[in-house]
Amino acid sequence: MTDKIATPDLMVYAMASEIENFNTVLHGVSSPLPVLGMSVARRTHAPDMAYISGAEGVDSEIDRIYPSSFDPRLNRNAVAYFGLHEAFDLAQRGELNVMFLGAAQIDRFGNTNLSVIGKIDNPKVQLPGGAASAFLMPITPKVVIWATRHTFRVFVEAVDFVTGQGYNNRSEGCKKNKIVVVSNLGVMNFENPGRTMQIQSVHPGHTVDEIKENTGFDILAAPDVGETPVPDQDIVDLIDRIDPDGIRRSEFH
Amino acid sequence: MTDKIATPDLMVYAMASEIENFNTVLHGVSSPLPVLGMSVARRTHAPDMAYISGAEGVDSEIDRIYPSSFDPRLNRNAVAYFGLHEAFDLAQRGELNVMFLGAAQIDRFGNTNLSVIGKIDNPKVQLPGGAASAFLMPITPKVVIWATRHTFRVFVEAVDFVTGQGYNNRSEGCKKNKIVVVSNLGVMNFENPGRTMQIQSVHPGHTVDEIKENTGFDILAAPDVGETPVPDQDIVDLIDRIDPDGIRRSEFH
Amino acid sequence: MKSVLTSFEEATELVDDGALLTFGGATFQRAPMEFIRELVRQGKKNLTLIDREPAMDFDLLIGAGCVAKVRTGMLAFEVFGMAPNFRRKSEKGEIITKEGACQPIIAGFRAAAMGLPSLPVKGMLGSDLLTISEVIGSQKQIEDPFTGEKMIAVKAIEPDVAVIHAQKADAFGNVRIEGPLYEDVIKAKAAKKVVVTVEELISAGEIRKTPEATTLPHFIVDAVVEVPKGAYPCSCFNYYDTDYDHIQEYLQAAAKDTFEQYLDKCVYRRESE
Amino acid sequence: MKSVLTSFEEATELVDDGALLTFGGATFQRAPMEFIRELVRQGKKNLTLIDREPAMDFDLLIGAGCVAKVRTGMLAFEVFGMAPNFRRKSEKGEIITKEGACQPIIAGFRAAAMGLPSLPVKGMLGSDLLTISEVIGSQKQIEDPFTGEKMIAVKAIEPDVAVIHAQKADAFGNVRIEGPLYEDVIKAKAAKKVVVTVEELISAGEIRKTPEATTLPHFIVDAVVEVPKGAYPCSCFNYYDTDYDHIQEYLQAAAKDTFEQYLDKCVYRRESE
């Protein structure tokens with residue numbers, strides 16, 4: 001293990017690693033980690049990816065992030081504008097390869113909740129809403145869910161409300177897709193016959209047991225579970241340069 | 001009657017007269033007479049009309065016409081571009097007030113044929129096709145059909161093929177709409193209970209009887225049938241200025 | 001073309017109590033904030049608000065008591081967290097919250113813009129959002145008539161008024177939005193009435209120099225109002241950036257129960273005693 | 001981004017015999033004529049052509065024997081009259097003509113561009129074109145699931161290749177179409193492969209100066225070929241006007257039964273003996 005890398009940076013790197021070269025990738029609202037992950041991927045192993053910003057710029061130079069992921073300064077030196085409705089059309093055509101989505105709750109099948117804690121018609125906590133989750137989860141070949149608080153309150157036995165579809169019985173679409181979960185403790189996938197969440201890698205300094213203790217359901221470890229790859233210093237420096245104010249840490253408070 | 005006005009100019013003026021101020025009006029392909037009619041209307045009684053060109057310009061300065069009605073020079077000093085698919089959306093919203101359409105055959109109910117003489121699967125004459133006719137005729141509040149050859153071969157008992165819908169039994173839409181036919185002999189409407197073609201006005205130098213003789217069905221004369229209004233000399237001059245090459249006369253050969 | 005140049009007061013008269021409204025921009029970018037503040041000052045009531053990803057624009061109207069119903073894909077303050085008034089009033093049952101998803105909301109606007117009663121979309125199957133949308137009547141499962149594929153028909157969304165803040169327009173309503181467009185062109189085409197507030201009025205002659213820069217032609221715009229800084233504290237690309245400090249001030253006011261003071265200071269502009 | 005800069009020969013290899021093609025532009029404006037002449041030179045066969053309102057582009061391919069089927073809203077030579085090869089071969093039964101109407105053709109492209117199997121349109125009811133389209137299977141009467149309104153579902157049209165002539169592009173496939181766009185952006189999104197011929201290659205740096213001027217982003221473009229005068233004798237806005245004299249020469253050749261000589265001179269560029 002190298003010097004200790006901060007969790008947000010580890011997560012950014014893990015998210016970047018999910019992008020392959022030539023992928024077409026979109027980020028949405030309130031997405032500092034995806035913006036950083038996409039920026040890292042484009043400057044390292046995926047130089048030819050198509051980067052579609054929620055701010056509508058294509059392949060912009062992301063020299064700095066802002067508290068809003070729609071800030072038009074994210075479009076600096078873009079080659080084109082591409083509206084969200086156009087990106088959604090692309091998704092319907094099956095040509096959007098990767099999407100990053102959030103989750104307030106997630107269950108063992110990858111169903112996410114961003115809508116409500118309690119009942120939809122009598123909310124205990126009114127959550128912000130799922131944005132593109134319900135639309136994109138069944139039709140996007142790879143969905144990366146990020147969760148900055150890996151606790152049994154977030155990784156739950158059953159979500160209060162299915163906003164985004166995991167491998168549930170009602171969504172045929174998801175069965176073809178790959179879902180990856182990047183949390184502050186590790187990286188999870190569903191690459192097993194039952195399509196239930198399993199630990200793919202554990203972030204340095206954490207353990208499989210710690211993840212199990214902080215997960216509200218019986219989570220498996222993949223047979224080849226390992227340690228999450230750590231970014232080189234130049235990647236950490238790159239992340240720091242793009243996010244000098246530490247906006248990426250805001251979700252971790 | 002003033003000095004003899006050439007038939008194309010009379011037709012242009014009659015077509016211009018069908019436009020009211022504040023109307024949103026579109027012309028299509030191969031449409032020198034509509035382009036001239038719209039230009040005359042905008043420079044005379046309908047200064048606030050919205051002029052949407054088949055060449056995509058909005059409220060362009062039409063200082064000259066060309067053999068193609070899509071020539072981008074028709075967009076000079078436009079205030080905006082507006083694509084045909086956008087104009088069609090407008091039509092579907094009921095916000096396109098007037099459209100000009102052609103006809104190779106037209107019957108007493110206003111059905112037009114631009115598809116085929118003979119049978120569709122064994123054409124005697126393969127016509128160019130109806131363009132927007134079948135789409136726009138049932139949904140546009142006012143459709144102006146122009147026909148430069150008022151003969152019994154064009155004004156027929158029954159069209160060989162219904163490209164554009166008149167007041168036929170299968171098109172509910174048309175029953176609400178106004179259809180006006182401007183020919184080289186007169187102006188026809190369908191403002192009677194049976195919604196059959198009747199003569200609204202006769203161009204100077206022509207007669208009701210002449211129109212009847214050249215019509216392949218029993219055409220009525222409106223109770224208030226009169227003479228087609230004649231443009232002032234300044235309007236004729238305007239038409240000449242915009243069409244110095246006499247492109248408007250090409251359909252009359 | 002005829003002038004649609006309008007005073008602020010006349011423009012807000014286009015918004016009736018109980019109207020269905022949508023706004024241009026997204027989250028903290030180019031929302032028509034000054035028009036929204038004017039709606040608050042005029043005490044509009046029972047508005048229904050709909051948009052894909054709004055933020056302070058919706059929350060301010062909700063906090064000021066102007067709103068009965070909200071339908072969004074997501075309503076939050078980006079990295080700053082929850083929308084405080086939305087959350088509070090929704091949890092108390094003081095507003096009706098109908099959560100949508102971004103694509104069905106966009107598709108609903110697109111259907112209306114295209115003059116269609118509905119538009120099919122993919123996705124959605126397996127989400128409880130589809131279930132509640134079917135109960136509400138805004139979405140229905142259908143089968144494609146050619147392929148039999150399961151699709152979701154989304155009912156057209158035709159706002160009574162779309163309010164859009166843009167950079168430039170002429171007096172006739174030819175509007176230039178610069179930078180990201182979001183769904184503003186679609187919303188303008190979908191709405192019954194379109195009000196555009198602009199940073200800057202320019203002449204029709206100027207507009208005619210670059211017709212390709214015109215994003216809304218005059219015949220779909222009902223009112224143009226000159227409102228410099230009309231998006232503040234949201235950004236207006238090429239004019240000013242988002243004032244994230246002001247947005248945090250708003251959130252602190254809402255958190256500390258001093259939202260009325262925020263309204264006095266920043267909306268009503270009453271002297272504080 | 002990776003370079004998609006392609007030679008003329010490689011680009012035409014994307015077009016297989018029997019392919020479904022559509023072209024950019026409309027009638028005599030910005031049709032990709034030089035690419036079409038190259039298809040003729042390469043002796044492509046059994047093509048199916050589809051477009052709303054083509055002209056010489058389609059007629060030339062038909063006249064050269066490259067075409068099996070045609071589907072258009074209208075195919076003529078504007079004020080010059082009928083499309084001579086289209087008319088002749090259609091009347092002789094040498095090509096199959098499936099007439100559409102402009103809106104269903106546009107809607108079919110839009111459906112494919114949106115990733116939908118079909119898209120509803122209004123109009124069409126009462127036209128024999130609807131009847132024959134229902135027989136062919138390209139249109140179907142449906143009822144809107146919410147309002148019950150009678151609509152026409154139009155089946156998606158996904159061309160194998162869309163060929164578009166544009167003013168400018170960079171080597172990566174970021175394309176600038178200047179002036180009228182027709183349905184070129186929609187067609188590019190609808191097609192499986194997109195070939196863009198351009199008057200002028202510009203650098204990505206130049207493209208980045210005005211991203212709002214980019215009409216097609218690189219990830220939907222498969223090949224860019226530099227072809228100055230690539231639309232001739234059609235116009236290319238900001239570069240050259242339509243050569244109406246050449247078009248009349250074409251028509252005279254077809255009328256006088258000297259079309260082979262026209263092909264020799266203007267397409268194959270063989271010396272005449």
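Chain naming here is simple, since letters A, B, ... match the order of the sequence lines and numbering starts at 1 in each. These numbers come from a predicted model, not from an experiment.
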Q: Counting neighbours of NZ on Lys150(C) that are heavy atoms of other residues, nucleotides or ligands and sit closer than 6.0 Å, is the number greater than 12?
A: no
Q: Just to verify, what does Ser90(C) make a side-chain hydrogen bond (donor to acceptor under 3.5 Å, both in side chains) with, not counting sequence neighbours?
A: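 Ser90(C) satisfies side-chain hydrogen bond (donor to acceptor under 3.5 Å, both in side chains) with Gln126(A), Thr97(C) only.
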Q: Would you give the length of the straight line joining atom CZ of Phe70(A) to atom CD of Glu78(C), rounded to the nearest 0.5 angstrom?
A: 6.0 Å
Q: Using only non-hydrogen atoms and a strict under-4.5 angstrom cutoff, which residues of residues 53-65 of chain C touch chain A?
A: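 Those residues of residues 53-65 of chain C which have a heavy atom under 4.5 Å from chain A are Glu53(C).
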Q: Can a donor-acceptor pair be found, under 3.5 Å and without considering hydrogens, that links the side chain of Gln165(A) to the backbone of Leu125(C)?
A: yes
Q: Relative to chain A, which segment of Tyr244(C) carries a heavy atom at a distance below 4.5 Å: side chain, backbone, both, or neither?
A: side chain
Q: With sequence neighbours excluded, give me every ring-ring contact (aromatic ring centres under 6.0 Å, His included) pair touching residues 71-91 of chain C.
A: Phe28(C)-Phe77(C), Phe77(C)-Tyr250(C)
Q: With a 4.5 Å cut-off on heavy-atom pairs, point out which of Gly93(C), Ala26(C), Gly73(C) contacts chain A the most.
A: Gly73(C)
Q: Check each atom of Ala83(C) against the heavy atoms of chain A and say whether the ones under 4.5 Å are side chain, backbone, both or neither.
A: neither
Q: Under a 4.5 Å cut-off applied to non-hydrogen side-chain atoms, are Leu127(A) and Met82(C) in contact?
A: yes
Q: Where on Ile186(C) is there a heavy atom nearer than 4.5 Å to chain A: the side chain, the backbone, both, or neither?
A: side chain
Q: Glu99(C) versus chain A, heavy atoms under 4.5 Å apart: side chain, backbone, both or neither?
A: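 Contact with chain A involves the side chain of Glu99(C) alone.
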Q: Is there any residue in residues 129-145 of chain C with a non-hydrogen atom under 4.5 Å from a non-hydrogen atom of chain A, and which ones are they?
A: Leu129(C), Thr131(C), Ile132(C)
